[in-house]
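For clarity, every value in this text was computed on a predicted model and none was experimentally measured. We name chains A, B, ... by the order of the sequence lines, and we start the count at 1 in each one.
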Amino acid sequence: MPELPEVETVCRGLQQTIERDTIIHTNVRRADLRIPFTPTLAADTQNQKVQTIRRRSKYALLDLANGKTLVIHLGMSGRVLVTEPDQPITLEKHDHFVLKFESGRHMIYTDARRFGMIFSHDTQTLNDHKLFTNIGPEPLSNHFNSDFLFKALQKRKSNIKAALLDQKLVAGIGNIYASEALYEAGIHPQRISNTITQDECASLYRSVCDVLSRAIDAGGSSLKDYKHADGNMGYFQHNFAVYGREDEQCRANCACGGKGRVQKIVQSGRSTYFCATKQV
DNA sequence: CGGTACTCCTGAAGGC
DNA sequence: TGCCTTCAGGAGTACC
């Protein structure tokens with residue numbers, strides 16, 4: 001389930017492999033993923049040099065020499081694989097989009113559930129695209145801080161978990177890191193946003209940054225030897241404190257002393273994991 | 001306009 | 001063993 005850290009890891013992997021390489025062939029293998037591929041996608045990308053690779057929220061952005069940006073969203077099962085130069089490829093059922101590069105490398109986008117998105121758009125006006133206009137600040141940038149978070153939460157009556165998931169408030173946080181950040185901050189996921197105090201906001205802000213940064217670091221170390229793995233980027237070994245650990249014992253360093261068990265509830269149709277002793 | 005429920009999709013996992 | 005049901009979730013849309 002790629003969230004900000006996983007997409008960041010993918011972008012770094014792409015920077016190490018295909019940045020400044022030139023796309024010599026684009027193979028669009030079906031009509032759509034979650035939304036249709038841009039009709040001009042192949043024409044927009046073929047024979048173009050990839051100048052810059054960057055990330056915004058959960059989107060990987062490949063800026064091309066012709067002023068277009070190739071936008072890639074991994075949805076929930078999307079994967080990106082970059083081969084070694086001249087390594088033969090075998091395309092399979094869920095390989096929906098393939099770029100061939102001058103270097104002889106291939107970039108293969110695989111997405112079994114097709115919740116992802118791939119489209120091209122003018123780089124200059126990408127921020128005006130409807131998928132980008134309402135995205136909140138990057139959590140690890142100067143535009144996001146404790147005060148910003150407090151002011152935003154003051155206006156909201158939804159529970160804090162739903163607020164963290166709302167991309168309009170802050171970009172890139174998904175279901176996993178929302179649970180993890182609330183756990184670390186000691187804030188109960190069912191707390192109503194506008195009851196979170198300024199002090200709690202300071203703690204939550206720190207936790208959001210810490211949880212995301214640690215995951216990015218973990219992704220970075222997994223990338224170092226990607227050549228020895230299969231070239232699949234963005235998925236790496238995680239060690240979550242609560243996510244996916246229903247009924248399992250809390251960690252020894254938990255505020256409950258490791259005596260409690262991780263609980264699971266459903267909020268807005270999404271699983272939330274927490275420790276009822278630590279999080280109040 | 002804020003909040004919530006529903007929708008898309010397919011593979012994995014669990015029940016019987 | 002095999003069929004069926006349920007679950008996973010990012011983000012848009014519909015609706016109150």
Side-chain angles (χ1 to χ4, degrees), chain A residues 1-11 29-38 55-61 71-80 91-97 109-119 121 126-139 149 151-182 189-196 208 212 215 232 234-235 238 240 242-248 262-274:
Chain A
M1 285 132 272
E3 301 181 23
L4 185 153
E6 289 77 21
V7 179
E8 178 66 26
T9 302
V10 167
C11 285
R29 305 184 72 226
R30 54 174 295 123
D32 57 44
L33 295 171
R34 184 165 182 272
I35 60 173
F37 287 103
T38 313
R55 178 191 59 73
R56 170 73 170 120
S57 192
K58 299 170 192 168
Y59 297 87
L61 307 176
V71 180
I72 300 176
H73 191 293
L74 301 172
M76 70 170 288
S77 59
R79 284 158 191 270
V80 169
L91 296 180
E92 294 180 28
K93 186 178 169 190
H94 299 301
D95 297 336
H96 306 306
F97 180 80
Y109 176 92
T110 308
D111 188 355
R113 292 179 206 178
R114 306 208 300 272
F115 267 39
M117 298 180 246
I118 297 181
F119 59 93
H121 196 274
L126 187 59
N127 286 336
D128 302 326
H129 189 285
K130 65 174 180 176
L131 288 169
F132 288 81
T133 45
N134 290 321
I135 301 180
E138 285 293 321
L149 181 60
K151 289 195 171 85
L153 292 180
Q154 285 293 99
K155 297 176 198 155
R156 289 174 179 253
K157 300 186 189 77
S158 68
N159 64 62
I160 182 66
K161 163 78 179 323
L164 286 181
L165 285 181
D166 188 345
Q167 303 297 299
K168 291 194 283 298
L169 194 155
V170 57
I173 300 176
N175 206 40
I176 295 173
Y177 296 107
S179 276
E180 293 291 309
L182 286 169
Q190 288 174 318
R191 286 278 301 282
I192 301 304
S193 301
N194 63 14
T195 70
I196 308 284
V208 165
L212 295 176
N232 246 313
Y235 291 80
H238 283 288
F240 299 127
V242 287
Y243 184 83
R245 299 189 63 236
E246 185 184 12
D247 292 337
E248 289 179 40
V262 176
Q263 296 185 28
K264 176 181 152 179
I265 54 174
V266 175
Q267 298 177 282
S268 322
R270 299 283 177 265
S271 301
T272 305
Y273 300 84
F274 68 105

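The salt bridge (charged side-chain N to carboxylate O under 4.0 Å, His left out) search around A:Glu138 returns A:Arg55, A:Arg56, not counting sequence neighbours. Residues that satisfy the ring-ring contact (aromatic ring centres under 6.0 Å, His included) test with A:Phe115, not counting sequence neighbours, are absent from this structure. Taking A:Tyr243 as the reference, A:Phe240, A:Tyr273 meet the ring-ring contact (aromatic ring centres under 6.0 Å, His included) condition, with sequence neighbours excluded.
Comparing the local axis fitted to the first five base pairs of the helix from B:dG2-C:dC16 to B:dC16-C:dG2 with the one fitted to its last five gives a bend of 50°, rounded to 10°.
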Start with the C-alpha distance between A:Val208 and A:Ile173, add both sets of side-chain angles, then the distance that settles side chain to side chain contact (heavy atoms under 4.5 Å, CB included), and finish with yes or no.
CA-CA 9 Å; A:Val208 165; A:Ile173 300 176; 3.8 Å; yes
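If you take CZ of A:Arg79 and C1' of B:dG11, they are 12 Å apart, rounded to a whole angstrom. One can place CD of A:Gln190 at 12 Å from P of B:dT4, the figure rounded to the nearest angstrom. Going from atom CD1 of A:Ile35 over to atom P of B:dC9 covers 14 Å, rounded to whole Å. Between the P atom of B:dT4 and the NZ atom of A:Lys161 lies a distance of 12 Å, rounded to the nearest Å. At whole-Å resolution of the value, NZ in A:Lys157 and P in B:dC1 are 14 Å apart.
Both A:Arg114 and A:Ser158 sit near DNA chain B, but only A:Ser158 has its closest nucleotide nearer the 5' end.
Between A:His73 and A:Tyr59, the ring planes lie perpendicular to each other; the angle is over 60°, past the 30° to 60° tilted range.
Annotation: side chain of A:Phe274 is not in contact with side chain of A:Leu182 (no heavy-atom distance under 4.5 Å).
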What pairs of donor and acceptor atoms, side-chain ones from residues 154-162 of chain A against any protein atom, are under 3.5 angstrom apart with sequence neighbours left out?
{"residue": "A:Arg156", "atom": "NH1", "partner": "A:Asp166", "partner atom": "OD2", "Å": "2.9"}
{"residue": "A:Arg156", "atom": "NH2", "partner": "A:Asp166", "partner atom": "OD2", "Å": "3.3"}
{"residue": "A:Asn159", "atom": "OD1", "partner": "A:Lys161", "partner atom": "N", "Å": "3.2"}
{"residue": "A:Asn159", "atom": "OD1", "partner": "A:Ala162", "partner atom": "N", "Å": "2.7"}
{"residue": "A:Lys161", "atom": "NZ", "partner": "A:Asn175", "partner atom": "OD1", "Å": "2.7"}
{"residue": "A:Lys161", "atom": "NZ", "partner": "A:Ser271", "partner atom": "O", "Å": "3.3"}
{"residue": "A:Lys161", "atom": "NZ", "partner": "A:Thr272", "partner atom": "OG1", "Å": "2.7"}

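No option in A:Glu92, A:His94, A:Lys93 other than A:His94 meets the side-chain contact (heavy atoms from CB on, under 4.5 Å) test with A:Thr110.
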Whether each nucleotide of nucleotides 8-14 of chain C has a protein heavy atom under 4.0 Å at its base (B), only at its sugar-phosphate (S) or at neither (-) is summarised, 5' to 3', as BBBBSS-
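In this structure, A:His94 does not reach the B:dC9 phosphate: none of its side-chain N or O atoms is under 4.0 Å from OP1 or OP2.
Heavy atoms of A:Lys168 sit nowhere under 4.0 angstrom from any nucleic acid atom.
No close placement of the A:Phe132 and A:His121 rings is indicated, their centers lying 6.0 Å or farther apart.
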